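The next block holds one structure in the form of structure tokens; read it before the comments.
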There are 2 protein chains.
Amino acid sequence: MCELLGMSANVPTDICFSFSGLMQRGGETGPHRDGWGIAFYEGKGIRAFHDPAPSCRSEIAQLIKHHPIKSLIVISHIRQANVGSVCLENTHPFIRELWGKSWSFAHNGQLDKRIFDLELNFYQPVGTTDSEYAFCWLLGEIRKRFPTQPSHSSDLTDLIHNLCEQLRSLGVYNMLLSESENLYAYCSSKLSWLTRRAPFGEASLMDEELTVDFCKETTANDIVTVIATVPLTANEVWNQFESGELVVFNQGLVREQRKAPLSNEVDDH
Amino acid sequence: MCELLGMSANVPTDICFSFSGLMQRGGETGPHRDGWGIAFYEGKGIRAFHDPAPSCRSEIAQLIKHHPIKSLIVISHIRQANVGSVCLENTHPFIRELWGKSWSFAHNGQLDKRIFDLELNFYQPVGTTDSEYAFCWLLGEIRKRFPTQPSHSSDLTDLIHNLCEQLRSLGVYNMLLSESENLYAYCSSKLSWLTRRAPFGEASLMDEELTVDFCKETTANDIVTVIATVPLTANEVWNQFESGELVVFNQGLVREQRKAPLSNEVDDH
């Protein structure tokens, strides 16, 4: 299994603190030694870093940890390989363009082999993971249904939720997805989120001896939501996603929400 | 105008030496202060760095300069903006997927506004540059003609040369393009290349007081070709491309070559 980390904020915010915790799990406090990646949106642009080396020993990870890159939306992933060998092209997040926007995608879980039977239209995987295949299928389905961006965002949210539910029927499918404005977080088995806003307090990482007083780092209007496979801090209350739940975050706030129509229990593999 | 830097090699090679020279031109010895980017292929995967800040002052550029990333194909670009503002999404190299391969592209020159009249099919630009628009058009035309990869690479070379010639008719169009195996270099006004192989000698950068003795860095079988807008070293003989010439490099060697059918003189803008 892998670990996901996402962020949505209303002011450009660095993710150094949460990233420090996640990176420790990449071979130090966790078994996820098979690479890591991170995508920062800056306007419509995307700054992405991928490394098949364990994050706890990566020089580029060190750079990101110490060199604050500020962003409104971040998607990050550390990998423990199941399908697909350990190499650069199998490293999340995966990126494709649709409607003149850069879509980025990271997946935690494992899908049944039947995923590879789904027909692809516009996008082809470069690597060999079930995750990239699922992303190519999902984005191709969005493109088929909406050759241009739909005017009502709720139509797109409905479609994405429906496609995620189809993927969940093939295994464990926790996902972070963004097109530069919204962050779509879908949970099949395990995903939590937390919104930090005024009054800000202190937060202590579970995976490293590091405490940050957000009060000193923020202004009263800042809203920052962090999404992670497993809560990163011990002294804050995290919200757990339900299985089959999609939450769309925008500027740090919940913009839309969809739940599974029935209570389909899915095993946490 | 911008500057291009490309590399094709038969063994994984770092580009630290040439990159050092190019980065000096990003605001120090040259006027190209409007961002820079670099793409390293590692198998089918791609490691890309983009920064809208001047390269001579970029922390990420410093990392690349000192942290050798070894690759068979590299495409790099430093930008002096003409069309499109200075921002991340306007920073080369641009990347899109076709046939399950990551295509990367960088352009030096400026195209007439008529470029924006060309019809786009599959790919849409994320930013506002003439360069990204040209790339989206070129890759869309390749995809339209060859929905799957053609069995004869020469057919693809013919098509790419033809498309580049059409773009040259709209202005200055020097280009580096790769799909992870071959490096396509096309010249409209200014482009040079150099192949280093045994017996290796010393090379001295023009833009920085730096000399490398490649003999100490290489083995007898290494073949490394470097392509640059303007020669980077003073004590080596560089080959100049003709206007309208496309050269396809593979593993450091010239694999195919196409020249303009007629001697169309194009001004160096």
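None of these values were measured; they are calculated from a predicted model. So you know, we letter chains A, B, ... as the sequences are listed, proteins then strands, and number each from 1.
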Residue pair A:Leu5, A:Leu176: steps toward the side-chain contact (heavy atoms from CB on, under 4.5 Å) verdict = CA-CA 8 Å; A:Leu5 172 65; A:Leu176 295 177; 5.7 Å; no

Anything under 3.5 Å between chain A and chain B that's a donor-acceptor pair? List each one with its distance, please.
from     : atom 1 : to       : atom 2 : distance (Å)
A:Lys44  : NZ     : B:Val126 : O      : 3.1
A:Gly45  : N      : B:Glu89  : OE1    : 3.4
A:Arg47  : NH1    : B:His50  : O      : 2.9
A:His50  : O      : B:Arg47  : NH1    : 3.0
A:Glu59  : OE1    : B:His67  : ND1    : 3.2
A:Glu59  : OE2    : B:His67  : ND1    : 3.0
A:His67  : ND1    : B:Glu59  : OE1    : 3.2
A:His67  : ND1    : B:Glu59  : OE2    : 3.0
A:Glu89  : OE1    : B:Gly45  : N      : 3.4
A:Arg96  : NE     : B:Glu97  : OE1    : 3.1
A:Glu97  : OE1    : B:Arg96  : NE     : 3.1
A:Glu97  : OE1    : B:Gln124 : N      : 3.0
A:Glu97  : OE2    : B:Gln124 : N      : 3.3
A:Phe122 : O      : B:Arg143 : NH1    : 3.4
A:Phe122 : O      : B:Arg143 : NH2    : 2.6
A:Gln124 : N      : B:Glu97  : OE1    : 3.0
A:Gln124 : N      : B:Glu97  : OE2    : 3.3
A:Val126 : O      : B:Lys44  : NZ     : 3.2
A:Arg143 : NH1    : B:Phe122 : O      : 3.4
A:Arg143 : NH2    : B:Phe122 : O      : 2.6

For side-chain contact (heavy atoms from CB on, under 4.5 Å), just list the numbers for A:Val74 and A:Ile38, CA-CA rounded to whole Å, side-chain angles, deciding distance to a tenth of an Å, and then say yes or no.
-> CA-CA 7 Å; A:Val74 176; A:Ile38 190 164; 3.7 Å; yes

Region of B:Ile46 that comes under 4.5 Å of a non-hydrogen atom in chain A | backbone

Given that the side chain runs from C-beta out, which part of A:Leu120 has a heavy atom under 4.5 Å from chain B: side chain, backbone, both or neither?
-> neither

Rounded to the nearest 0.5 Å, how far apart are CG of B:Leu111 and CG of B:Leu118?
-> 9.5 Å

Would you please test A:Phe40 and A:Ile15 for side-chain contact (heavy atoms from CB on, under 4.5 Å) and show each step?
-> CA-CA 10 Å; A:Phe40 299 87; A:Ile15 199 168; 3.9 Å; yes

Side-chain heavy atoms of [X] within contact of [Y], under 4.5 Å:
X	Y	value
B:Phe249	B:Ile73	no
A:Val248	A:Ile160	no
B:Ile227	B:Leu4	no

If you count heavy-atom pairs under 4.5 Å between each of B:Gly37, B:Gly43, B:Pro52 and chain A, which one has the most?
-> B:Pro52

